[in-house]
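Here's the structure, in structure tokens; my notes come after.
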Amino acid sequence: MKIIPLTGCLGAEIFDADLKDPAQFAEIKAAFTQFSVITLRAQDLTPDNLLGFARRFGPINVNRFFTPLTSHPEIAIVLKEPDQQGAIGEDWHTDHAYDQIPAMGSILHAIETPPSGGDTVFCSMGAAYDALSVRFKSMIEGLSAWHSSRHVFGASQADAESVTSGRVGNAELAIQDALHPVVIKHPLSGRLGLYVNPQFTTHIDGLAKTESDALLQMLYTHCQKPEFQCRVRWQPGDVTMWDNRATWHKAINDYQGHRRYMHRVTVEGCRLDAP
Ligand code: SIN
């Protein structure tokens, strides 16, 4: 297989690999650990093949809110129809941050893509952390932040198009709040990285709202620098896997009038610890 970095910061494209081949797994996993985001081009996969690949990383963590594939309930559907306005995952986020044990990684398989657009952008939380000043790093050391699913998937969103269109549901299950360190030591690489995100983080524990809002906004502005990013352009058959403890991601909604249909699987993670 050929592994080509996408940027100087994170992400790699992998050509001539076959996710179905167990003999290739060690090399693919090593690339995932190194680059945090890997895009395996032109895979010929059934839903069972996708689940088989995911299970080599660990048990599947079934998403409570996304509509599942009827034949394979462990696979979540990520869909935007031509007449729908909103895409799933348009805000910067990291999957399952609202869980006490957030998902380690997410795997997205492109089934149908628009003629152009519909890319996914990622950014490196390790690179964003590294670029902070020593003094600022010491200021945020020891802080923890609350994350929640309630304001994104709960009853307050009943009128959102994602809910009325049937793409997202189970509002009654949006009862998770989780406290995680603002700076984590990555469980695989040991690299330090920021672990707050604009979609699911609600506030920094122990700070006044104005203090928490200002600090989070400063971190969010910092993290969104293009220097920390890579962008994946999809073709049907491509599979991208990302590390939720090392990255943010965002679906680019620029393909109005076209269909984009993906299958997503999330893999169980572990508790996140401060350095
Ligand atoms: C997601 O946020 O998991 C979906 C990303 C995408 O559709 O590009």
Side-chain angles (χ1 to χ4, degrees), residues 6 10-11 13 32 36-41 43 50-51 53-54 57 60-69 74-82 84-99 102-125 147 149 151-153 157 160-163 165 167-170 174 197-201 220 223-224 229-256 258-269:
L6 272 168
L10 85 165
E13 285 178 290
F32 172 69
S36 302
V37 178
I38 50 171
T39 296
L40 296 116
R41 297 293 183 193
Q43 299 298 307
L50 180 66
L51 287 169
F53 173 68
F57 282 92
I60 308 298
N61 175 331
V62 181
N63 186 279
R64 307 165 190 78
F65 308 115
F66 288 20
T67 298
L69 191 62
E74 291 161 302
I75 296 180
I77 293 174
V78 175
L79 171 67
K80 182 174 177 250
E81 295 285 10
Q84 294 171 343
Q85 306 303 310
I88 305 287
E90 270 188 63
D91 295 329
W92 283 112
H93 65 286
T94 184
D95 297 331
H96 293 218
Y98 45 79
D99 285 334
M104 173 260 259
S106 303
I107 306 171
L108 200 60
H109 178 207
I111 311 293
E112 209 175 321
T113 56
S116 60
D119 299 351
T120 309
V121 184
F122 295 88
C123 78
S124 165
M125 292 297 101
H147 305 250
S149 62
H151 60 290
V152 180
F153 296 116
Q157 298 305 303
E161 188 204 36
S162 56
V163 177
S165 63
R167 290 177 288 168
V168 166
N170 293 336
N197 71 85
Q199 189 170 34
F200 295 120
T201 307
Y220 297 158
C223 289
Q224 288 175 47
Q229 296 182 8
C230 73
R231 184 165 179 136
V232 170
R233 187 161 289 174
W234 296 92
Q235 291 289 322
D238 293 342
V239 172
T240 295
M241 178 168 185
W242 60 88
D243 187 323
N244 284 308
R245 295 88 48 94
T247 60
W248 284 355
H249 62 280
K250 170 182 167 54
I252 303 295
N253 185 8
D254 60 352
Y255 52 96
Q256 197 53 43
H258 298 283
R259 190 171 202 257
R260 181 178 184 271
Y261 176 57
M262 327 285 267
H263 287 169
R264 198 186 85 173
V265 179
T266 35
V267 180
E268 284 288 5

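Atoms within each ligand, like the ligands themselves, are counted from 1 in listed order.
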- Item | atom 1 (C) of ligand 1 - nearest protein heavy atom and its distance | His249 NE2, 3.4 Å
- Message: Closer than 4.0 Å to some heavy atom of Gly89 - which atoms of ligand 1 meet that?
- Response: 2 (O)
- Atom indices of ligand 1, in the order listed, that fall short of 4.0 Å to a heavy atom of Val78: 7 (O)
- Task: Using a cut-off of 6.0 Å, state whether more than 12 heavy atoms not belonging to Arg233 lie near its atom CZ.
- Result: no
- Task: Please verify whether a non-hydrogen atom of Arg260 lies at under 4.0 Å from ligand 1.
- Result: yes
- Under a 4.0 Å N-O cut-off, is there an ion pair linking Glu112 with Arg260? no
- Query: Does a side-chain N-to-carboxylate-O contact under 4.0 Å join Arg167 and Glu161?
  - Reply: yes
- With a 4.0 Å heavy-atom cut-off (strictly under), which part of Arg264 contacts ligand 1: side chain, backbone, both or neither? side chain
- Query: Which one holds for His93 and ligand 1: side chain close, backbone close, both close, or neither close, with close meaning a heavy atom under 4.0 Å?
  - Reply: side chain
- Item | Contacting atoms of ligand 1, where contact means under 4.0 angstrom from a heavy atom of Leu108 | 5 (C), 6 (C), 7 (O), 8 (O)
- Query: Got the closest protein heavy atom to atom 8 (O) of ligand 1, with its distance?
  - Reply: Thr120 OG1, 2.5 Å
- Item | Aromatic ring pairing Phe122/Trp242, orientation class (parallel under 30°, perpendicular over 60°, tilted between) | tilted
- Query: Where does the angle between the aromatic ring planes of Phe65 and Phe153 fall among parallel (under 30°), tilted (30 to 60°) and perpendicular (over 60°)?
  - Reply: parallel
- Ion pair check, Arg245 and Asp95, cut-off under 4.0 Å: no
